[in-house]
Amino acid sequence: MIRTLIASTESIDDVDAAVEDIKKQLDCGKNLLKNAVGIVSCHYEFIHSGVYKAVCEALPFDVLGAITSVHGNGKKSAILQLTVMLLTSDDVRFKTVLSPSLKTEPGKNIEEACRNAMEGEAEKPSLLFTFAPFMIENSGDEYVSVLTNALDGIPCFGTLAVDDTADFHECYMLCNGESYHDRMSLILCYGNINPRFFLATMSEEKIIDPSVSITSSEGHILKEVNGRPVVEWFEQMGLARASQINYAMTSLPFMLDYNDGTPPVSRVFINLNENRQAICAGAVPEGSILYIGVFDKEDVLLTSGRTIAEALGGGAAQGMLIYSCVSRCMSLGGDQFAELDLITKETGDKCPFLMAYSGGEICPTQTNKNAAVNRFHNNTFVVCIF
């Protein structure tokens, strides 16, 4: 069994006060069991102020996580906030690993990190938490594929960091007081943990017909649909102008059906490359079916509310980690805390949780054979409850 504790601070400019906030709330001398690990979420200003590093140095366990633009912890939803979610247990063991740089050969370097993680281990992990920065040149699908293969198909759950700068230059992965633009960190959980996973994208009535078939693509580059250049499809849909502006179509996400019996996943269109091909925030394999959907505040809250009710309705839980795509936050307009506040209200005191916005979500889906398949998502609300 895992005991979950949440600690947070808004003391962004006072290192001593921030450390005292976190230590007092966690009360490690009283609450720490045999094994422990921390998952952290914060605004990048906590890196620059030195608070993040000082908090990690003051805690007697590894602390990993990612920068975010907005997050909540059941007590408060805020921008300038740092939260540590402590997982501690006598019968669940945690092992942490930091990858080499992902700037070149990311697949090879993630595989190396997995090999290091499994070295000396006689048993298979029950769950992997993973954190990485958002890197436009890399595909989150490759990350997930390599992790799944290297770790023998264990469930993978995690996030790509996202910040609130125009060019995402403050997207850091966080690991034990250090911050990285180009590395991945892993938490492998061994022992008595039985996670359950839930996710939401958009309601079916928000999907726009007609669908198209992907006839030419390369990784996360979408070249042709129905045998025609993708830019012609945009023109046909009245999206030619929007397609030329970076991230202008985040409220019109693609829904991608792999055509293999697994549930569809969502994809964000980023921009057009020099060949007028679509750069997406995730792989778009040939043979898949593509739809366009519409995001709005009402549907974001509807789908997230349904999903959290389903997650909490499955019996007693010790903790919950939630990531939601930053595009969902953008769809809330001026009410940017609405989704977080909804989750806080629906959860109440049933289960301690940390929820943060994400630049790409990693979560298993369920096939019709009831087998978990690890997937990389965009525009998605994902929950790991344990």
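When reading the values below, keep in mind they use all heavy atoms of this one structure, side chains included, and skip hydrogens, waters and symmetry mates. Quick caveat: nothing in here was measured; it's all calculated off a predicted structure.
- Cation-pi contact between Arg93 and Tyr190: present, with separation from the ring centre below 6.0 Å and deviation from the ring axis of at most 45°.
- Of the possible donor and acceptor atoms, none in the side chain of Asp299 sits under 3.5 Å from a partner among the backbone N and O of Phe295.
- A 4.5 Å side-chain heavy-atom check between Met202 and Asn379 finds every atom pair outside the cut-off.
- Contact of the Tyr44 side chain with the Asp164 side chain is registered, since non-hydrogen atoms from C-beta on lie closer than 4.5 Å.
- Salt-bridge check for Asp260 with Arg375: passed, with a basic side-chain N closer than 4.0 Å to an acidic carboxylate O.
- For Ser89, the side chain to side chain donor-acceptor pair (under 3.5 Å) partners two or more places apart in sequence, or in a different chain, are Asp91.
- Taking each heavy atom of Leu354 and Ile6 in turn, the nearest pair found is N-CD1, 4.5 Å.
- Looking at Leu174 and Ser179, their side chains come closer than 4.5 Å, going by heavy atoms from C-beta outward.
- Contact check for Phe381 versus Phe198: no side-chain heavy atoms found under the 4.5 Å cut-off.
- Of the possible donor and acceptor atoms, one in the side chain of Asn374 sits under 3.5 Å from a partner among the backbone N and O of Cys156.
- There is no side-chain donor-acceptor pair under 3.5 Å between Asp296 and Ser331.
- Side chain of Arg3 to backbone of Asn31: a donor-acceptor contact under 3.5 angstrom is found.
- Among residues two or more places apart in sequence or in another chain, the salt bridge (charged side-chain N to carboxylate O under 4.0 Å, His left out) test is passed with Asp349 by none.
- The aromatic ring centres of His181 and Tyr172 sit less than 6.0 Å apart.
- Thr165 places a side-chain N or O within 3.5 Å of a backbone atom of Phe168 that can act as its donor or acceptor partner.
- Looking at every heavy atom in both residues, Lys34 comes nearest to Asp90 through N-OD1, 3.0 Å.
- For the residue pair Glu310 and Thr307, no side-chain donor N or O sits within less than 3.5 Å of a side-chain acceptor on the partner.
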Practice item. Begin with the C-alpha distance, continue with both residues' side-chain angles, and end with the deciding distance and a verdict on side-chain contact (heavy atoms from CB on, under 4.5 Å) for Gln81 and Val70. Key: CA-CA 8 Å; Gln81 176 176 241; Val70 186; over 6 Å; no
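- Taking the side chain to side chain contact (heavy atoms under 4.5 Å, CB included) definition, one finds that Asp21 meets it with Thr9, Ser11, Gln25, sequence neighbours left out.
- Here the NE2-OG distance, from His43 to Ser69, works out to 8.0 Å after rounding to the nearest 0.5 Å.
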